[in-house]
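See structure below.
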Amino acid sequence: MTKNKLKNLETIDKQAFCQDLINWFVEEMRNLPWREDQDPYKIWVSEIMLQQTRVDTVIPYFNRFMEQFPTIEVLAEAEEEKVLKAWEGLGYYSRARNLHSAVKEVQEKYEGRVPDNLKEISSLKGVGPYTAGAILSQAYGIPEPAVDGNVMRVLSRILLIEDDIAKASSRKVFEKAVRELISHENPSYFNQALMELGAIVCTPTSPSCLLCPVREHCAAFHEGVQHELPIKTKNKKQREVHLAAAVLKDESGRTLIHKRAEKGLLANLWEFPNIEIHLPFKTEKVQLKEILKTEYGAEVELGEMVGTIDHVFSHLTWTIHVYEGTLTELKEEKTDLKIVSSEQIDIYPFPVSHQKMINQFYK
DNA sequence: TATTCGTGGGA
DNA sequence: TTCCCAAGAAT
């Protein structure tokens, strides 16, 4: 009853495949800042940043991050707010908080040395199956699979694997394939070459098969079905959320900002005070003024709506109606509220949606 | 297992 | 415009 999904593993010339793949990588690999040496810390940071994020986007963030936090020791002793600020604009901010937490654990529990075994490295926050394999193979030469989206796309074509790569369970199929194929002489280059091939040649929509170093090993190429793979089900449409936000200034031109909750969307980042609008209650302006008083202890004079910010996340969209106003009184001193000047505001990490508000309505 | 977690770029 | 995507992990 068990269908043999990896039928083409029996016929592929594994030795020749590895050789063709790695020889290509040696010639064509891009010069990337985290490839300058095999520092496990640099590889670790790069792999976290690269999760669901393009190489071109990561490069400047990685360089700045390494300048600011050059070693595990430095990062372990940094304030979380500084780490989030360095991550500002990169997205998926729990990556930064998990990395910071895990680096602290490595510093304390392993004397600052990144673990070189699957059990320990996998126990670190933010290190899942892919990242564990990437670090172990690239930093320590251990033949562990590092299966990301590239690897699933490439191998789905080479081995004609028709599992839905959108399903979490499919990753195991590809890990099994990698365990059969991986070069034990150079697992680092093998893993990186599969990803590099996916990024440069074996691309999602129009693979450059004529430039592919392993096309003679590729079942999909021989069948002419490379455009039909991988199989991937579509994702759902985003949920729409409406917000009303207030850019409030006190008599000296400073503005009120609020630190978001420590869990959930944009956790621990800062924002302008805002509320989600549920229709069809009072007008949003009245709701906003009311919440500012009850939840924030802020007495305000609100003007008319001055603009709209639209922002798209992967799973929802925000439409923010922006109100300007005057802060006349702030009753309590709360740690998640601050009144800051235009110079001080640059210290705080904001999501891109609120950076837009700073640029358009504050500075 | 399915959903939640960002952002910017390209088809 | 709309959709998908890009070196995934946590829950």
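Proteins come first, then strands; the chains are lettered A, B, ... in the order of their sequence lines, and each starts at number 1.
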OP1, OP2 of [N] versus side-chain N and O of [X]: anything below 4.0 Å?
{"X": "A:Arg153", "N": "C:dA6", "value": "yes"}
{"X": "A:Lys232", "N": "C:dC5", "value": "yes"}
{"X": "A:Asn235", "N": "C:dC3", "value": "no"}
{"X": "A:Lys236", "N": "B:dT3", "value": "yes"}
{"X": "A:His315", "N": "B:dC5", "value": "yes"}
{"X": "A:His311", "N": "B:dT7", "value": "yes"}

**Q.** A:Ile48 CD1 to B:dG6 P, straight-line distance once rounded to whole Å
**A.** 15 Å
Q) Starting at CD of A:Glu262 and ending at P of B:dT4, how long is that distance when rounded to a whole Å? A)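 Answer to the nearest Å: 20 Å.
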Q | Nearest-Å distance once atom P is located in both C:dA6 and B:dT4 | A |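 Approximately 22 Å lies between the P atom of C:dA6 and that of B:dT4.
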Q: Determine the Euclidean distance between corresponding P atoms of C:dT1 and B:dG6; express it in Å to zero decimal places.
A: 25 Å
Applying a 4.0 Å non-hydrogen cut-off, can you work out what [X] is touching in the nucleic acid: base, sugar-phosphate, or nothing?
{"X": "A:Val127", "value": "sugar-phosphate"}
{"X": "A:Val151", "value": "nothing"}
{"X": "A:Lys237", "value": "nothing"}
{"X": "A:Ser206", "value": "nothing"}
{"X": "A:Arg35", "value": "base"}
{"X": "A:Ser46", "value": "nothing"}

Q. Looking only at atom types and distance, does a side-chain atom of A:Asp164 sit under 3.5 Å from a main-chain N or O of A:Thr233, one as donor and one as acceptor?
A. yes
Q) Between A:Ser170 (side chain) and A:Ala168 (backbone), is there a donor-acceptor pair under 3.5 Å? A) no
Q: Could you list by number each residue of residues 83-109 of chain A showing a heavy-atom separation from DNA chain B of less than 4.0 Å, or answer none if no residue does?
A: A:Gly89, A:Leu90, A:Gly91, A:Tyr92, A:Tyr93
Q | Validation row: A:Cys209, A:Gln226 side chains within 4.5 angstrom (heavy atoms) | A | yes
Q. Atom NZ in A:Lys232, atom NZ in A:Lys167: separation rounded to 0.5 Å?
A. 13.0 Å
Quick test: give all pairs of protein nitrogen or oxygen and nucleotides 9-11 of chain B nitrogen or oxygen below 3.5 Å, distance rounded to 0.1 Å.
none

Q) Is A:Arg64 positioned over the aromatic face of A:Phe62, cation under 6.0 angstrom from the ring centre and no more than 45 degrees off axis? A)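 The answer is no; the distance or angle limit is not met.
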Q) Looking only at heavy atoms, what is the nearest atom pair of A:Gln192 and A:Phe25, with distance? A)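 Scanning both residues, the minimum pair turns out to be CB-CZ, 3.6 Å.
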Q.
Minimum heavy-atom separation for A:Arg153 and A:Cys202, please, with both atom names.
A. NE-O, 2.7 Å
Q: Using the side-chain hydrogen bond (donor to acceptor under 3.5 Å, both in side chains) rule, pick out the option among A:Glu47, A:Lys42, A:Arg35 that qualifies with A:Gln138.
A: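 Between A:Gln138 and the candidates, side-chain hydrogen bond (donor to acceptor under 3.5 Å, both in side chains) is satisfied uniquely by A:Glu47.
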Q.
Against A:Glu111, only a single residue in A:Arg113, A:Gln107, A:Lys109 fulfils side-chain hydrogen bond (donor to acceptor under 3.5 Å, both in side chains); can you say which?
A. A:Arg113
Q. Toward the 5' end of DNA chain B, which comes first, A:Ala168 or A:Pro351, by nearest nucleotide?
A. A:Ala168
Q.
Determine whether A:Arg260 and A:Leu265 satisfy the following criterion, side-chain contact (heavy atoms from CB on, under 4.5 Å), listing intermediate values before the conclusion.
A. CA-CA 9 Å; A:Arg260 294 176 60 87; A:Leu265 183 66; 3.8 Å; yes
Nearest to the side chain of [X] - [options]?
{"X": "A:Leu265", "options": "C:dC4, C:dA6, B:dG6", "answer": "B:dG6"}
{"X": "A:Ser314", "options": "B:dC5, B:dT3, B:dG8", "answer": "B:dC5"}
{"X": "A:Lys234", "options": "C:dA9, B:dG8, C:dC4", "answer": "C:dC4"}
{"X": "A:Pro204", "options": "C:dC5, C:dA6, B:dT7", "answer": "C:dA6"}

Q. Taking the nucleotide of DNA chain C with the closest heavy atom to each, which residue, A:Arg30 or A:Gly126, is nearer the 5' end?
A. A:Arg30
Q: Check the angle between the aromatic planes of A:Tyr362 and A:Phe272 and answer parallel, tilted or perpendicular using the 30° and 60° thresholds.
A: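 If you compare the ring of A:Tyr362 with that of A:Phe272, the planes turn out tilted.
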